[in-house]
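Chain A is the first sequence line, chain B the second, and so forth, proteins listed ahead of strands; every chain is numbered from 1.
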Amino acid sequence: MTGSLSPKWTGTAFLAALVLFPLFATPFWIVQIGAQTMILGIIALSLVWLAGYGGMVSMAQLVTAGLASYVVAYFGVQSDPALGLRLPWGLNIVLAIAAGTAFGIAVGMIAVRCFGIYMIMITLAIAVAFFYLARQNMGFFNAYNGFHGIRAPALFGLNLRDPIAFYYLCLLCGVTLFGFVVAAARTPFGLALQGIRDNPRRMQSLGYNVAVHRVLAFGIAGFIAAIGGVLRVWYAGSVSPGSVGVGSSISILMIAILGGMTHPIGAFVGALLFNLIQNFAIDFIDRERFNTMIGIILLAIILFMPSGLVGIADRLRQDDKRGDRPPRQTAPNAGKKSPNIREGNHP
Amino acid sequence: MTSRRVFFAAMVAATLASPAWSQAPTEELRVGVLATLEGPLTSLGQEAMRGVRLALSEANNTVAGRRVTLFTGPTNATPDSAINAARRLIEQDRVQIIIGPVSGTEGLALVQFAKQNPGVTFINGTAAAPEATYRDPAENFFRFNADGVMWQAGLGTYAFQTKRYRRVASLVNDYSFGWAQMKGFSLEFCRAGGAIVERLWTPLGTTDFSSLIARIPRNIDALYVMLVGADATNFITQYVQAGAPVPLIAGTNTVDQTVLATLNRPRLREFMMGTPSASPVVDDWTNERYQRFVASYRKMFPDGLPAPASAGLGYYLNTQAMIQALGAVNGDLSGNQARFRQALASTVVDGPAGPVRLDENRQGNATIFVTEVRAAQDGRLFNGFVQAFPNVTQSMGMPREEFARLGVPARDTIQCP
Amino acid sequence: MEADIRFFLTVTLNGLTLAALYFLVASGFTLVFGLMRVLNLAHGVVYLFGAYVGFNVMEATENWALAIIVGGIAGAVFGLLVHLAILSWMPGQELRQTLATIAVSVIAADLMIAKWGGLSYQIEIPDILFGSQTLPFVGRYPIFRLALLGFAVGVGFLLWLMLNRTRLGMMIRAGVDDRDMLAAMGTNVPAVFVAVAALGAFLAGVAGVIGGSALAISPGEDTRVLLSSLVVVIVGGLGSVGGAAVGAILVGLAEQFGLAYTPTYGVVYTFAIMVAVLAMRPQGLFGAGA
C-alpha cells in the first residue's frame, strides 16, 4: 500500500489484527473462518490477478487448484493403500505447484485467442471437462471416491495440523501472494499486461507480444492457485470430484465479484464475506434456501455496486489514484469485445 | 447501504450470541446430524432427518433424563461440504455425537475426519461404502446400517434359482455405490453358476441411454440394472420405448419409491411388475415389529414417503443405537466417551427388521429382503416381500479373509466368465 | 459385421435425434445472443421452469399440446421478467449482464427445488408417440425420437421463415449486423430486444416441455442443459441459427458415439470438442468475427 498515510496505517492495523486474531478466537474461527478464508482468497486472488490486470476472466482457476490438490494426494500419504506414490514429503508439494503452473500455462495457450465472454466460456469448458475427467478416471484421480485422509505435514517440531499453526501458514501464504501480485503489477511485465487489457491492438503495434504476455499471466495465476490448492487439500483432508465441480468454480467467481476485481484485496474481502455467509446463513434462514440468499446478495452487488465491496471503499476514499490500483476504465463501453470486467462502472 | 449495514450488524450479533461463547448446560446432550439438504440428494437428506426425528420422538427426546438437542449439519453430498459441516458441529455447536452422513464418499472422508477428532463419537447415517468400516476403520466410527454390497444379499441366488436366469448383462452407474451393488449381485450370481456376459458402465447423470440400449446383447435372459434417481426413470422409459427385449433385475435404488413414483404410464408399470430387487426396506412385510415402524413413520410424517426408505431406516437405526447405548451408561460421556463407546460396541439394537449387533470393525449385520415390484389397488407400484435374509454380515457369510481376497468394489471386481 | 453396421446406424440416428433436442434448446439461446450480445446463462433455468409448468399442466389437463404452449408462455414470461427487471438496466455491458444471469440462475434453481422438490418427474406423451417403429437397416426405433427430429426441423423452418420473411426478422437480422445503424434508421431497438428476449425464452420453455417428455426433469437438469447448449452454440458460432444446427449435430453425435463406444470417457468428448474449436476458431465454426 502506498500513498497517503491513511491507507498505510489501515493496512498495518489490518495486518496486526490478522496476526493477533488467533489469540482471541476459538478453533472454529481460526480454522473454518480464518484459514478457509485465506485459502479461498488465494484461489480467488489468482482470478483477480487475471481479470483485474489482464482482463481475462478465467473459470478454470478452481480446477487448477484442484489439480494441485490431486497431485498432493496422489504423490503423498492418503488412506487408499492401492493407489498413488508415497514420495518423501515435500516432493509432492513441489510437484503440485509445478503441475498447477504448467496447467495454468496450458489453459492460457488454449484460451489465448479468446476475449471477453469467449474467455469465460472456453475456461468454463476446460473446468467442466476436468471435472468429468476426474470423476471417470481411476488411475490418477481415483474416480468418484477421490482421496481421503490427507494431512498437513509436521516438520521441525511444528505441527501444521494444529489450528493456530495452520492458520499462520495460510496467512503467510495469503499475505505473501497478495504482496507478490501487487508488486508484479508494477513490474514492466505487469504494466504491459494492463496495457494489453485496455488495448491489445495498440500494445501489439508497440511491439509487445500480446499472446506471450497473456499466457505468462495464466502461468502466474496457475502458480497462485496451486498454492491455494495445496492448502485446500490439507484443510479438507480430502479431494474428490465434488471439490472441483462447476458449482465450486462458480463460487470462486462469486467471491471475486463480491469483493471486487479492481484490487487484489477484493479476493480476500470477497472470500471472507462468502465464508461468513456460508457458515452463518444457517442461523438466519433455513439452510435449504442458502442458495437463494447467496444469489440475491450476488445479484444486489452486481446491480448496485458493480466493482464489489472494494469499489465501495474506493468511492468513500477518492484520493488514491496510485499505481497499485489498476486505473478505472473511463469509456463506458469500450466496444463489443471489451475484455475488461469493469466496463461501464456506473449504471 | 442500509440493508448491508443491518446484515453485518446481524452477523456480529449472531456471532456474539452463538453457543461457542457460552458454556453449554451440562444436562443436555448435544447431537449433530449430517444430512444432504441441498444438491441432487436433497430428498434422501430429508428422509434421513425423518429417521432421526422418529427415533428421538419414540424416546420423548430424552435419554437417561437428559434432553437431546439436535443440530443439523447440512451438506451437498460432497466430502468437502460434509467435513465443513462436521467441523462446525464440533467446534461451534459443541456436539458430542455426530450421526451421518448420507452418501458413501462423504462417509469415506468422515472416517478419516473421525480419526482426527477422537473426542467425538461418529455414528453413521446411511453412507454405504464398504471400505468405511472395512479397510483402515476408525475407532470412534460406528455403523449399524448395512453397506451397499450387503444390500444386494440374496438377489443373485434368487435370480439364478427361482427366476432361472443363466446369462445376464449389466448396466450400472459408474461410481462407488454402483460398484458395491454390482459386487453384491455378481458375488452370488456367479457363485450359483450364472454368467455375466457384458458389463456396461454409465456415468452418473446419463440422460440419454439409447445407444447403451443398442449395446445390450440379444442372447441374454435378463439385464441387471443399478441406476439411481433420474437416470433410472430415463432408462426404464427409453428401454420400454425401444421394445424392452429382456426383463430386468434391479439394484436397490433403481426401484425405490423415488423412481417407481415417476412411472405414470400403464405400459411402464406393467413392464416393471415382477422385477426382482434386494433392499434393507420392504413395503409390505407383515412382521409385527416392522409394521409398527411403518405405522409410526406414516403417523408422524403424513407428507413423507408412502413407506420409509433406506435412508430413513438407516438414520433411524443408528439413532436408536445411540439412544440405547446412552441409556445403558446412564448418559455418561466422560472419560473421552469410553464407556459410551463400549456400550455402543456391545449394544444389540432392537431394529425394525431384527436385532442388529456390531462386528469387530464396528459394522452392523442386517436383515435384507429380496423383493419384487407389485401394484397396489390404486395402481401405485411398491416393492413386495419375497424373502428375508436375517444376519447378513459384511463379508456376505464368507470367511473374512476369503472375502477380502475379492478386493474392494471396483469396475472389474468378480468376473464370470 | 451386419450387427456392427446396424449398431453404427442406430448410434448415428440416436446422435441426430439427440441433436434435435439440443437444437430446440439452443436456438433461442443463440438468437438472443446474436442480437443483444447477452450470454443469457439463465437459459437453463428457463428450460427447467417450462418443463415443470408443462408437467403440472399435463397432470391437470392431460393435453400435451396445451402443456407445450403453456410451458412456452411460462418460459417467455420468466425471460421477459429477467430482461426487463435486470438486463435492460445495464445495456451494452455484456460481462455484467452475463454475471447477473448467473445470479438469476442460482436463485431460480433453488426456488424451483423449494417448489417441486428433489424428485424427478416425467411428462407423459400421447399414446401414438409412445412405442417403436421398424425402420430399414436400423430395426425397431422409438417413435418419439423420430418425432423429435420432426419438431426440430419444424422449429428450424419457422425460425428461418420468421427471420427471412417478416418485418421483425428483418429488424433482427439488421440488428445482428449493426445495432447502431438500426437505431439510427428509427427502429425502436429496445422494443425489438424485448420481443427477442420473449421469443428466446418461449423457445426454451417449449424445449423444456419436449425435453421433459423425452427425458426426466430433475434439479440439476438446468445446468446440464445450459452446458450442452453453450457447447452447441459456441461450437456452431454464437448468434447463428444455422451454426446452432451444425453444432447440435456435432455435439449430439459426439455424445452418443462416446457413450456407445467408450462410455467411461464419452462425457469428456463434448467439452474437448468445444475447447478444440474455440482454440482454433474463437468465433465458432459459423460465427462472424468475434
**Study point:** Flag side-chain contact, heavy atom, 4.5 Å: A:Met254 against C:Val106
**Key:** yes
Point to revise | Name of the residue among A:Ile301, A:Leu298, A:Leu253 meeting side-chain contact (heavy atoms from CB on, under 4.5 Å) with C:Leu99 | key: A:Leu253
Review point. Could you state the interatomic distance from CG (A:Leu299) to CD1 (C:Ile102), rounded to the nearest 0.5 Å?
Key: 11.5 Å
Review point. So, for C:Ala103 and A:Gly295, which heavy atoms are closest and what is the spacing to 0.1 Å?
Key: CB-O, 3.9 Å
Check your understanding: Got a second to check how far A:Leu124's CG is from C:Leu227's CG, nearest 0.5 Å?
Key -> 6.0 Å
Practice item. Could you list all the ring-ring contact (aromatic ring centres under 6.0 Å, His included) pairs where at least one residue sits in residues 219-262 of chain C, not counting sequence neighbours? Key: C:Phe7-C:Tyr261, C:Phe8-C:Phe257, C:Phe257-C:Tyr261
Exercise for review: Decide yes or no on side-chain contact (heavy atoms from CB on, under 4.5 Å) for A:Met121 and C:Leu39, but give the supporting numbers first.
Suggested key: CA-CA 10 Å; A:Met121 290 307 110; C:Leu39 199 64; 3.1 Å; yes
Check your understanding: Considering heavy atoms only, which positions within residues 105-113 of chain A lie below 4.5 Å of chain C?
Key -> A:Ile110, A:Arg113
Check your understanding: Can you check whether A:Leu133 reaches C:Tyr265 side chain to side chain, under 4.5 Å on heavy atoms?
Key -> yes
Study note, to complete from the structure: Separation between CD1 (A:Ile250) and OG1 (C:Thr223), nearest 0.5 Å, reads 7.5 Å
Review point. Do you know the tightest heavy-atom contact between A:Leu303 and C:Met90?
Key: CD2-CE, 3.2 Å
Practice item. Report the distance from atom OH of A:Tyr132 to atom OH of C:Tyr269, rounding to the nearest 0.5 Å. Key: 15.0 Å
Practice item. Give a yes or no answer on whether the side chain of A:Gln136 reaches the backbone of C:Thr264 with a donor-acceptor pair at less than 3.5 Å. Key: yes
Exercise for review: Taking side-chain contact (heavy atoms from CB on, under 4.5 Å) as the test, write out the residues that go with C:Leu84, two or more places apart.
Suggested key: C:Val194
Review point. Under a 4.5 Å heavy-atom cut-off, does chain A meet the side chain of C:Ile234, its backbone, both or neither?
Key: side chain
Point to revise | Partners meeting side-chain contact (heavy atoms from CB on, under 4.5 Å) with A:Val63 (sequence neighbours left out) | key: A:Ala60, A:Phe103, A:Ala127, A:Phe130, A:Val244, A:Ser249
Check your understanding: What distance do A:Ile302 atom CD1 and C:Gln97 atom CD have between them, rounded to the nearest 0.5 Å?
Key -> 11.0 Å
Practice item. For residues C:Phe271 and A:Ala129, report the shortest heavy-atom separation together with the two atoms involved. Key: CB-CB, 3.7 Å
Exercise for review: Heavy atoms only: give me the nearest C:Ile107-A:Thr292 pair and the separation to one decimal.
Suggested key: CG1-O, 3.9 Å
**Study point:** Other residues, nucleotides, ligands: >12 heavy atoms within 6.0 Å of C:Arg173 CZ
**Key:** yes
